[in-house]
Amino acid sequence: MRKLYVHNSLSRQREAFDPITEGYVGMYVCGPTVYSDVHLGNCRTFTSFDVIFRFLKHLGYKVRYVRNITDVGHLEGDVDVGGEDKIAKKARLEQLEPMEVVQKYSNGFQQMMETFNILPPSIEPRATGHILEQIDMIKKIIANGFAYEINGSVYFDTPKFIAEEDAYGKLSGRVVDDLLQETRDNLKRQDEKRDPSDFALWIKADATHLMRWESPWSTGFPGWHLECSAMSTKYLGPHFDIHGGGTDLKFPHHENEIAQNMGACKCTPAKYWLHANMLLLNGKKMSKSDGNSVMPQQLFSGESEHLSKGFAPMVVRFFMLQAHYRSTLDLTNDALLAAEKGYQRLMEAYKSLQRLDTKAEATTELDQEISTLIEGAYQDMCDDFNTAKALGKLFELATKINALHNGQLKLEDLSSKTLAALKEAYHTFLFDIFGLESSVASAKGEEELIDGLMNLIIDLRKGARENKDWGMADKIRDTLSALAVQVKDGKDGTTWSKK
RNA sequence: GGUCGGGUGGCCGAGCGGUUAGGCAGAGGUCUGCAAAACCUUGUACGGCGGUUCGAAUCCGCUCCCGACCUCCA
């Protein structure tokens, strides 16, 4: 198995990836809170982890990938200053049952994941389905002295945790003293919490609250953060390999998750923390709360003030892979236009590659160059999943493929062994690792029909050209062009592709 | 204000001590009935000012911008 290196947010360093159990990887990624439509930022994060998931599997690891759906407990504002559960609020606004809201947006989320060709995780647990596990975890935390109950609600005792375990603030780089002091001004408004840095594990529901469960402390609902601790523990154990999520979750979400896990079992949840960076629009973070965003649907349709046209989901996926997952990525119309061209070039090279064949056996300099590029692409991926760099290698290979295809490089100079390896690697990278579908597989019969028709048309045009009937030949070419079909006259025959 | 990250050629985006990243756009060429496509060649960029070094986009200091987190967010 190839040696993998990852950037661990916890140490802020590149580390050799050594799974806890040889050959197996447990990975938990914070999923969405389903109270509205997914936006592109979510899609980028989940695309990043999708590629990580795919690559780990490709390396030969048996991966259990858990990505939750949060459908309760996510408060707006602070619970003590009128915070309200996001799901419940939406349910009230839309006159729906909370579970109706959750179902609607969960469905939408999963459809969007499919649209982006993001593989479903191994387990996709829901917070509402794990209330018992959460209650159980709260009991453990209380038993260990890191939480206290007051008026039916339970809070995590952050100062105590800080005093006893040298762990709080490590991931997000907070200065503990600041955390304890900064919010001092808010202290007056906290009637239940002992300290402003404490956070809710269980919240007593008031009379109007729609989502509620029985617990030893009150009829209420679990706090945000807790579901991830409970569900990761349940499905991956108290200590697992990778925990991922958007970088904006580092604080407070992931920091609190660590505190809860340690509070419950005295052990750190994840060995490696991976954080995907933000997707920007016009240089600013995409955010649903401040309106600076383009919804995926708008991106596909082009109906947005920021876009000149619509872009296919795979073009967007390709666009995202051109940047490293830990870097911010600025979404602009020009960048998407460029990505669209690049994506097409890559796919055309793939098609051309399928038509190449050779019987040569001798190994030449060309063989060496191609092998080096393939190996390089693997090395790039093994270095913290550098899709941008690996993609660069694929483009360099595309240049070789095109040259072989149109005769500028000789097929006789390429051994059949290397060609087979190239075909294998290209397919593996494009489809298995990067997850780029050549097109959403339309009805197969239709494809065959189009191929048949195109062959006929190209044959007719060939006849016209042989008779020097340029008018007819050009009419065919121009008409096809108007239908977004590119006719390509090559050395040995004519091929076509969709523009 | 505190903490962290970043400023790379027309645009996007890798690199992080010495090699052409790559994509898109542009220019010239090959090919072509003309084109397109494809291929070849080409640009010599690293916010500013100092410093370390044989050598810095890459390390250090200062400085100017930008962004993120600190409050719900992937």
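These figures come from a predicted structure and were not determined experimentally. Here is how names work: the chains are called A, B, and so on, in the same order as the sequence lines, proteins then strands, and each is numbered from 1.
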Check this for me: does the side-chain of A:R477 come within 3.5 Å of the base of B:A36 through a donor and an acceptor? no
Is A:D380 side chain donor-acceptor paired with the B:A14 base, going by distance under 3.5 Å alone? no
Pairwise 5' ranking along RNA chain B for A:A323 and A:G490, keeping only the more 5' one: A:A323
Considering heavy-atom distances to RNA chain B, does A:T399 or A:S172 have its closest nucleotide positioned more toward the 5' end? A:S172
Using atom [atom1] in both nucleotides, what's the gap between [N] and [M] to the nearest angstrom?
N     : M     : atom1 : answer
B:A56 : B:G18 : P     : 11 Å
B:C65 : B:G47 : C1'   : 7 Å
B:G7  : B:U58 : P     : 11 Å
B:A14 : B:A21 : P     : 15 Å
B:G51 : B:A57 : P     : 15 Å
B:G9  : B:G26 : C1'   : 12 Å
B:C12 : B:C46 : P     : 16 Å
B:G55 : B:U19 : C1'   : 14 Å

So what does [X] hit on the nucleic acid, given a heavy-atom distance under 4.0 Å: a base, only sugar-phosphate, or nothing?
X      : result
A:G41  : base
A:L329 : sugar-phosphate
A:S48  : nothing
A:K284 : sugar-phosphate
A:N402 : sugar-phosphate
A:K468 : nothing
A:A276 : nothing
A:V29  : nothing
A:E396 : sugar-phosphate

Under-4.0 Å side-chain N/O to phosphate OP1/OP2 contact, [X] with [N]:
X      : N     : value
A:R461 : B:A36 : no
A:T328 : B:G5  : no
A:R345 : B:C24 : yes
A:K389 : B:G22 : no
A:N386 : B:G15 : yes
A:N406 : B:C39 : no
A:R12  : B:C4  : no

Sidechain N-carboxylate O distance under 4.0 Å for [X], [Y]:
X      : Y      : answer
A:R477 : A:D474 : yes
A:D383 : A:K389 : no
A:R326 : A:D384 : yes

Over how many whole Å does the gap from [X] atom [atom1] to [N] atom [atom2] extend?
X      : N     : atom1 : atom2 : answer
A:H275 : B:C4  : NE2   : P     : 16 Å
A:K193 : B:U71 : NZ    : C1'   : 11 Å
A:W224 : B:C72 : CH2   : C1'   : 7 Å
A:F385 : B:A14 : CZ    : C1'   : 17 Å
A:N277 : B:A68 : CG    : P     : 11 Å
A:R326 : B:A68 : CZ    : P     : 19 Å
A:D478 : B:A35 : CG    : C1'   : 9 Å
A:R44  : B:A68 : CZ    : P     : 14 Å

Strictly by Watson-Crick or wobble contacts shorter than 3.5 Å, is anything paired with [N], and which nucleotide is it?
N     : result
B:C24 : B:G10
B:C62 : B:G48
B:C72 : none
B:C54 : B:G18
B:C39 : B:G29

Looking at A:Y5, does the NZ or CZ of A:R14 lie under 6.0 angstrom from its six-membered ring centre and within 45 degrees of the ring axis? yes
Answer yes or no for A:K309 and A:F311: cation-pi contact, defined as NZ/CZ to six-membered ring centre under 6.0 Å and angle to ring axis within 45°. yes
Within the 3.5 Å criterion, strictly below it, is a donor on A:Y155 or A:D195 matched to an acceptor on the partner's side chain? no
Planes under 30° and centres closer than 5.5 Å, is that true for A:F395 with the base of B:G23? no
Of A:Y378, A:Y350, A:F395, which is the lone residue that meets ring-ring contact (aromatic ring centres under 6.0 Å, His included) with A:F429? A:Y378
Check step by step if salt bridge (charged side-chain N to carboxylate O under 4.0 Å, His left out) holds for A:E255 and A:K170. CA-CA 8 Å; A:E255 207 68 79; A:K170 285 275 189 299; over 6 Å; no
Could you walk me through whether A:H275 and A:H254 pass the ring pair (Phe, Tyr, Trp, His ring centres under 6.0 Å) check? CA-CA 10 Å; A:H275 286 97; A:H254 289 159; 5.0 Å; yes
